[in-house]
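Order of the sequence lines fixes the chain letters, A, B, ..., with proteins taken first and strands second; residue numbering starts at 1 for each chain. Note that the structure is predicted; figures quoted are calculated from it, not measured.
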There are 2 protein chains.
Amino acid sequence: MTLDERKEKVLQAIIKDYISTAEPVGSRTIAKKYDLGVSPATIRNEMADLEELGYIEQPHTSAGRVPSERGYRYYVDCLMNKTRLNQEEERSILKGFSTKVQEIAAVLQLTNKIMSDFTSYTSMATGPNFKRSSLRHVQLVPLDHGKALVVLVTDNGMVQSKLIDLPNTINDVDLQKISQVMNAKLQGLNLEDIKQTLIREIYFELSKHRHFFDAAMDLIQETLNLNQEDKVYLAGALNMLNQPEFRDIHKVKTLLSLLEQDKVLKEILIESNTREDGVTVKIGGEHKVEGLQDCSTITATYQINGRVIGSVGVIGPTRMDYEKVVSIVEFMTRHLSQLMKDFYVR
Amino acid sequence: MTLDERKEKVLQAIIKDYISTAEPVGSRTIAKKYDLGVSPATIRNEMADLEELGYIEQPHTSAGRVPSERGYRYYVDCLMNKTRLNQEEERSILKGFSTKVQEIAAVLQLTNKIMSDFTSYTSMATGPNFKRSSLRHVQLVPLDHGKALVVLVTDNGMVQSKLIDLPNTINDVDLQKISQVMNAKLQGLNLEDIKQTLIREIYFELSKHRHFFDAAMDLIQETLNLNQEDKVYLAGALNMLNQPEFRDIHKVKTLLSLLEQDKVLKEILIESNTREDGVTVKIGGEHKVEGLQDCSTITATYQINGRVIGSVGVIGPTRMDYEKVVSIVEFMTRHLSQLMKDFYVR
DNA sequence: GTTAGCACTCTATCCTGTCGAGTGCTAAAC
DNA sequence: GTTTAGCACTCGACAGGATAGAGTGCTAAC
């Protein structure tokens, strides 16, 4: 379904105006502010058509028009200028990244902070999925008092460690041997494979210490489950309170409750994960999650070596500045992919 | 300043009623609901006195009375029953703790969750301060690719590790030797001391590797600074939205912005830290932090071996159910002190 | 010292009328 | 055939006024 040029112009004008004012847009306003070269009456006719086609809606008889979900969708798909940020803006954003951070979590938090600041909406991100990255090193470090530390290091530099109790039957030499066996068998494998297949093999070799080994393996599994990918980061949730559509305390509560749930955020971010590239825009009811009828999300994935490993996004009211946010999200993922290289040790 | 018995009863009735209804309380209401054995007219006289003394206030001429900060203070100090929770309630709370958790952070988060659920207010906690706990073990674990892992274990079971780059000049044997020296010199010392004094001593002994040692020491320092005590936990912030005093979106925003800042929470929690024992109640303007005029906080400390190491608290409107919250906070810290013993390995 | 009664005050609420923005329709102009 | 001007109409926002009700303070009687 495609609209003729003038209808497009009218729709675009309505959306732009509504995005900036949050007030229903009347025919006179458009005629005055946007130079279409026709009178309000003509615009009224066009608006009546657009309404019939479902692109705009009227809150009540004597009010102006407001874009419908369908209208926004048409705008995003066909009308919006997909511009890159200008030099000035890019530089300004990059300045935010000037403080060096060591940890992936910190990078994502910083990214979020910057995104929410620059968009004035709320932003979110998932940690990188390292299931496909490989184990560089596993080591059992003996401590006193019958305790030991299990240390996992992956090739992207992620380190996880955990304290465990040792059974009395195990001594330091055993521990070293177990370390060796585990390293020999597991090193270089990706984490997913470790979980799936190789457990049996080590089981056999370490049958003598099976009891202890069970505990250690549980631990590794647990550690892997606690992977970065399960972490979800959120920033600028309170920006939502600045939006006039959230003047109602109940709406605020519903929305913030949703945003508090990692599960919900993850679902939103993962939906976009399927796409290899580019930016995903979901508008209002297009979300699978209940309770986001009044919101739109703009998400995109970031990559390492061309492989998608996580995503970031912005959530705002359906009356969102799509053009600006798309540019920012797109730029952020590009930059994030760049940054992630530093964490991925070849 | 102490009030006569009947004035106390009237004040108590006003506060109890206002706490539960959030509406200004009239003389008739008190005469009907609270059995003082006198007529509304008499109560009106008492109320006029109480107002003159500053314990209650009148929003406008023809409205009932509302407790003032001073009224709440008198209530908390003199009128409130300091009861323990009953068996039923204690059991119900303990049930929440039935899921075993391994990490201190998780314990505090769980504590917060339970506190906010049971009080319907917002709860907060600081992580334990382990500056005075001692180092059990420090180890440099060599990995491939010129990297090593620095692992710190303290006597309370806290484990911190970090990946570092090794200079080319260092080999595995050196590393082991450095580990040994560090352990010999540092083991058993409390973390504060390590930071302060002993650095020079090791410097001398390891002068050959001074360059590397600087890096490792920086790291240890950094790790120590990242101590649990700096972490602040928060739960149930959205409960505030259920309070009628926060029907106004601007108030909500101001408050939630405050609660977002770790610095603010820490300040509130640390104020109470000075007290050895017992529960601290701060009402409205008594807070040092700006912007908490409409809130009260109830905080208490938890201990290990009789030493205060952290605190938890609840924040709600000044019209808060002090009696209930004090009991809960008090019980939580008692239980928390108990739980913490498990993390403190003798 | 306590209470009943009463006049008074103030807010919340409802109703009403007015204003203005915006529309849809029609007929005239292009 | 398309565009425009004109006009009647609709509806929400807002202000003003009337009303009800909760609560008070005061006074006089008990």
Side-chain angles (χ1 to χ4, degrees), chain A residues 3-11 13-18 20-68 71 244-245 247-248 319, chain B residues 3-11 13-18 20-68 71 244-245 247-248 319:
Chain A
L3 300 171
D4 68 57
E5 200 182 336
R6 198 169 62 191
K7 282 196 178 49
E8 284 194 345
K9 275 190 180 162
V10 172
L11 179 58
I14 291 173
I15 291 181
K16 285 205 168 168
D17 206 76
Y18 187 64
S20 66
T21 65
E23 296 291 330
V25 190
S27 53
R28 227 174 75 92
T29 313
I30 293 182
K32 248 199 302 188
K33 290 215 298 195
Y34 303 85
D35 197 23
L36 302 196
V38 292
S39 78
T42 310
I43 291 173
R44 278 206 288 283
N45 288 328
E46 296 289 21
M47 283 164 101
D49 291 350
L50 281 171
E51 183 165 6
E52 204 171 335
L53 293 168
Y55 293 100
I56 55 181
E57 289 164 351
Q58 213 171 5
H60 55 83
T61 336
S62 72
R65 302 306 213 289
V66 161
S68 68
E245 27 273 275
R247 241 176 285 144
D248 175 37
R319 185 190 60 78
Chain B
L3 300 172
D4 69 56
E5 201 182 334
R6 198 170 62 191
K7 282 197 178 49
E8 283 194 347
K9 274 190 180 161
V10 171
L11 179 58
I14 291 174
I15 291 181
K16 284 205 170 169
D17 206 76
Y18 187 63
S20 66
T21 65
E23 294 293 330
V25 189
S27 53
R28 226 175 76 90
T29 313
I30 292 182
K32 247 199 303 189
K33 291 214 298 195
Y34 303 85
D35 197 22
L36 303 195
V38 291
S39 77
T42 311
I43 291 173
R44 277 206 287 284
N45 287 329
E46 296 289 20
M47 283 164 101
D49 291 349
L50 282 171
E51 183 165 6
E52 204 171 334
L53 294 168
Y55 292 101
I56 55 180
E57 289 163 351
Q58 214 171 4
H60 56 84
T61 335
S62 73
R65 302 307 213 289
V66 161
S68 68
E245 27 272 277
R247 241 177 285 144
D248 174 37
R319 184 190 59 77

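- Between the base of dC10(C) and the side chain of T61(B) there is no donor-acceptor pair shorter than 3.5 Å.
- Protein atom CE of M47(B) is 15 Å distant from nucleotide atom P of dC26(D), rounded to whole Å.
- Annotation: side chain of Y55(B) is in contact with side chain of L3(B) (closest heavy-atom distance under 4.5 Å).
- A residue-by-residue look at A41(A) and V38(B) shows that V38(B) has its nearest nucleotide of DNA chain C further toward the 5' end.
- The nearest whole Å value for the distance from the CG atom in L50(B) to the C1' atom in dT24(D) is 15 Å.
- Taking each heavy atom of I30(A) and A13(A) in turn, the nearest pair found is CG2-CB, 4.0 Å.
- Classification of E245(A) and R319(A) as a salt-bridged pair holds, one side-chain N sitting under 4.0 Å from a carboxylate O.
- Taking the side chain as every heavy atom from C-beta outward, M47(A) and I56(A) approach each other to under 4.5 Å.
- A straight line from CD of E46(A) to P of dT2(D) spans 11 Å, rounded to a whole angstrom.
- Side chain of Q58(A) to main chain of A63(A): a donor-acceptor pair is present (N/O by atom type, distance under 3.5 Å, no hydrogens or angles).
- Look at CD on Q58(B): it is 13 Å from C1' on dT11(C), rounded to the nearest Å.
- Between the C1' atom of dA21(C) and the CD1 atom of I43(A) lies a distance of 16 Å, rounded to the nearest Å.
- Straight-line distance from the CG atom of D4(A) to the P atom of dT3(D): 10 Å, rounded to whole Å.
- Within the nucleic acid shown, A63(B) comes within 4.0 Å of sugar-phosphate atoms alone, with no base atom in reach, counting heavy atoms only.
- Of the residues near DNA chain D, G64(B) and N45(B), the one whose nearest nucleotide (by heavy atom distance) lies more toward the 5' end is G64(B).
- Take the nearest nucleotide of DNA chain C for P24(A) and for P40(B): the residue whose nucleotide is more 5' is P40(B).
- Contact record, S39(B) with A31(B): C-CB, 4.4 Å, taken as the closest heavy-atom pair.
- Rounded to whole angstrom, the span from the NE2 atom of H60(A) across to the C1' atom of dG22(C) amounts to 9 Å.
- The CG-C1' distance, from D49(B) to dG25(D), rounds to 13 Å in whole Å.
- Considering only side-chain N and O atoms, S27(A) lies under 4.0 angstrom from the phosphate OP1 or OP2 of dT23(C).
- Ion pairing of E46(B) with R6(B) is present here, as a side-chain N (NZ or NE/NH1/NH2) and a carboxylate O approach within less than 4.0 Å.
- Listed candidates were dA5(D), dT23(C), dG5(C). Nearest to the side chain of R44(A) is dT23(C).
- In terms of phosphate contacts, R65(A) brings a side-chain nitrogen or oxygen within less than 4.0 Å of OP1 or OP2 of dG24(C).
- Between R28(B) and dA4(C) there is no side-chain N or O to OP1 or OP2 distance below 4.0 Å.
- Taking five base pairs at each end of the helix from dG1(C)-dC30(D) to dC30(C)-dG1(D) and finding the rotation axis that steps the C1' atoms of four pairs onto the next four gives two axes whose angle is 20°, to the nearest 10°.
- Residue-environment remark: CG (D35(A)) stays at or below the threshold of 12 foreign heavy atoms within 6.0 Å.
- Of the side-chain N and O atoms in S39(B), none sit less than 4.0 angstrom from OP1 or OP2 of dT2(C).
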